[in-house]
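Single-structure report; data block below.
In what follows, chains carry the letters A, B, and so on, assigned in the order in which the sequence lines appear, proteins first and then strands, with residues in each chain numbered from 1.
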Number of protein chains: 2
Amino acid sequence: MLSSIVFYALDKAIRSYRRMAQANIDRAGLDITVDQWLVLRVLLEHDDLTQHDIAERVFKDQASVARILALLTRRGLLSAIPLPHDGRRTQLRVTEAGHRILEAVQPIILQNRAKALAGISEEELALMRPLLDRIALNCAPTS
Amino acid sequence: MLSSIVFYALDKAIRSYRRMAQANIDRAGLDITVDQWLVLRVLLEHDDLTQHDIAERVFKDQASVARILALLTRRGLLSAIPLPHDGRRTQLRVTEAGHRILEAVQPIILQNRAKALAGISEEELALMRPLLDRIALNCAPTS
DNA sequence: GCAACCTTTATGATATATCATAGTCTTTGC
DNA sequence: GCAAAGACTATGATATATCATAAAGGTTGC
């Protein structure tokens with residue numbers, strides 16, 4: 001039965017990609033994880049998000065985001081300045097070091113994607129996308 | 001660019017599925033994780049595997065498998081009897097309690113898969129499979 | 001038989017995933 | 001304005017992911 005192994009293939013594909021991506025970042029001597037990169041990337045474009053907002057965008061848990069933000073801040077890739085109008089939140093800004101590492105990682109990410117998708121056409125990707133979205137939708141808590 | 005978001009959709013689909021699957025197992029009052037279930041399921045059919053063999057089958061790390069096995073044993077779902085011909089290894093056998101929980105989880109897994117794939121045809125799945133396999137192959141360390 | 005090598009397992013360190021909850025701050029209803 | 005409700009962040013507990021390595025056992029060459 002095909003359905004019984006689709007999830008295994010899905011899991012294997014995404015895990016393989018993540019391992020390869022991380023290995024290539026490491027190999028370039030860049031000290032950042034794929035997940036940290038993803039969050040930092042989001043903050044580059046939106047610096048007024050709550051942890052919950054960030055979590056939604058990167059499809060993670062708020063608790064995971066909190067810990068990733070703490071790590072990014074500890075590593076000097078992110079600065080967190082208290083917001084005057086809300087004592088709970090902080091203004092998150094990618095630092096200079098953060099910008100540098102984002103720029104250094106960017107071409108590696110593009111290479112990784114190209115390598116992962118070698119031999120797959122845009123048409124095939126276009127076929128796959130709605131199916132993946134449908135699975136996510138089918139599994140969503142509210143549905 | 002489609003390629004830039006395929007991995008996000010992939011990640012989201014598999015994470016959504018895993019969350020839903022775990023939630024349904026929890027809701028049924030069954031105290032086991034999806035990963036533990038997966039490993040236990042493999043051991044049901046093959047009880048002569050090394051941790052490395054198991055890791056390959058479930059696409060995990062040997063270290064992860066070692067910890068999952070320790071947990072399964074600690075919970076009484078698995079028994080580990082030293083093998084006489086190799087002092088490093090043990091004979092892993094699913095216990096009675098292990099069999100019971102596997103049987104209880106099985107129908108839930110089937111429901112989960114059905115729910116996740118609602119509205120997707122076998123033909124569409126058949127299209128997706130080779131693409132996922134191709135991604136995994138493209139990302140494999142040796143390739 | 002022994003040394004070198006290989007296999008297998010266990011574990012330390014760190015990062016992430018998840019749930020639950022505590023602590024703090026803000027908003028809303030009245 | 002105050003109390004209740006809600007929003008936001010931090011953190012504890014546990015599980016998994018990954019790399020590296022230690023520890024122990026097995027195999028091979030000689």
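- What separates CZ of A/R15 from C1' of C/dT16 is a distance of 12 Å, to the nearest Å.
- With rounding to whole Å, B/D61 atom CG is found 13 Å from C/dT9 atom P.
- Within the nucleic acid shown, B/R18 has no heavy atom closer than 4.0 Å to any nucleic acid atom.
- Summarising the geometry of B/L40 relative to B/L102, their closest heavy-atom pair is CD2-CG, 3.9 Å, with the distance given to 0.1 Å.
- The shortest distance between the side-chain N/O atoms of B/K60 and the OP1/OP2 oxygens of D/dT16 is not below 4.0 Å.
- Taking atom CG of residue A/D26 and atom C1' of nucleotide C/dT14, one finds them 13 Å apart after rounding to whole Å.
- Atom CD1 in A/I32 sits about 18 Å away from atom P in D/dT18, given to the nearest Å.
- Cation-pi contact between A/R129 and B/F7: absent, since separation from the ring centre below 6.0 Å together with deviation from the ring axis within 45° is not met.
- Counting non-hydrogen atoms under 4.0 angstrom, B/L69 reaches nothing in the nucleic acid.
- Among the protein residues, B/L71 comes within range of the sugar-phosphate backbone only, with heavy atoms under 4.0 Å from sugar or phosphate atoms but none that close to a base.
- The residue B/Q62 sits close to a base: some heavy atom pair falls under 4.0 Å.
- A/N24 and A/Q111 form no side-chain donor-acceptor contact under 3.5 Å, judged by distance and modelled atom types alone.
- Put simply, B/Q22 has no side-chain N or O that comes within less than 4.0 Å of OP1 or OP2 on C/dT18.
- Note that CG of B/L72 and OG1 of B/T33 are 7.5 Å apart. Values are rounded to the nearest 0.5 Å.
- Looking at the side chain of B/A63, the nearest of the listed nucleotides D/dT16, D/dA20, C/dT26 is D/dA20.
- Projected onto DNA chain C by closest heavy-atom contact, A/H85 and A/V34 fall at different nucleotides, the more 5' of which corresponds to A/V34.
- With respect to B/K60 and B/D35, a salt bridge is recorded, a charged nitrogen being found less than 4.0 Å from a carboxylate O.
- Contacts of B/S64 with the nucleic acid, taken as non-hydrogen atoms under 4.0 Å apart, include base atoms.
- For the pair A/Q51 CD and D/dT11 C1', the interatomic distance rounds to 11 Å; values are reported in whole Å.
- Nearest to the side chain of A/R67, among C/dT9, D/dT18, D/dT11, sits D/dT11.
- Of the possible donor and acceptor atoms, none in the side chain of A/T90 sits under 3.5 Å from a partner among the backbone N and O of A/I81.
- Both the sub-6.0 Å distance and the 45° axial angle are not jointly satisfied by B/R18 relative to the ring of A/F59.
- Distance CG (A/D53) to P (D/dC8): 7 Å, rounded to an integer number of Å.
- Between the side chains of A/R75 and A/Q36, at least one donor-acceptor pair of N or O atoms lies under 3.5 Å.
- Phosphate proximity of D/dA17 to A/R19: absent, as no side-chain N or O sits under 4.0 Å from OP1 or OP2.
- For the pair B/D48 CG and C/dT9 P, the computed distance is 12 Å after rounding to whole Å.
- When the side-chain nitrogen and oxygen atoms of A/R74 are compared with OP1 and OP2 of C/dT14, none of them lie within a distance under 4.0 Å.
- The nearest heavy atom of DNA chain C to A/Q36 and to A/P84 marks one nucleotide each, and the one closer to the 5' end goes with A/Q36.
- The 5' end of DNA chain D is approached more closely, in terms of each residue's nearest nucleotide, by B/T33 than by the other of A/A23 and B/T33.
- When distances are taken from the side chain of A/D35 to each of D/dG26, C/dT16, D/dA10, the shortest belongs to C/dT16.
- The phosphate of C/dT27 has neither OP1 nor OP2 within less than 4.0 Å of any side-chain N or O from A/R88.
- If you take CE of A/M20 and P of D/dC19, they are 14 Å apart, rounded to a whole angstrom.
- One axis for each end of the helix from C/dG1-D/dC30 to C/dC30-D/dG1, each built from five base pairs, and the angle between them comes to 10° at 10° resolution.
- B/D53 and B/R57 are not joined by a salt bridge, as no carboxylate oxygen comes within less than 4.0 angstrom of a charged side-chain nitrogen.
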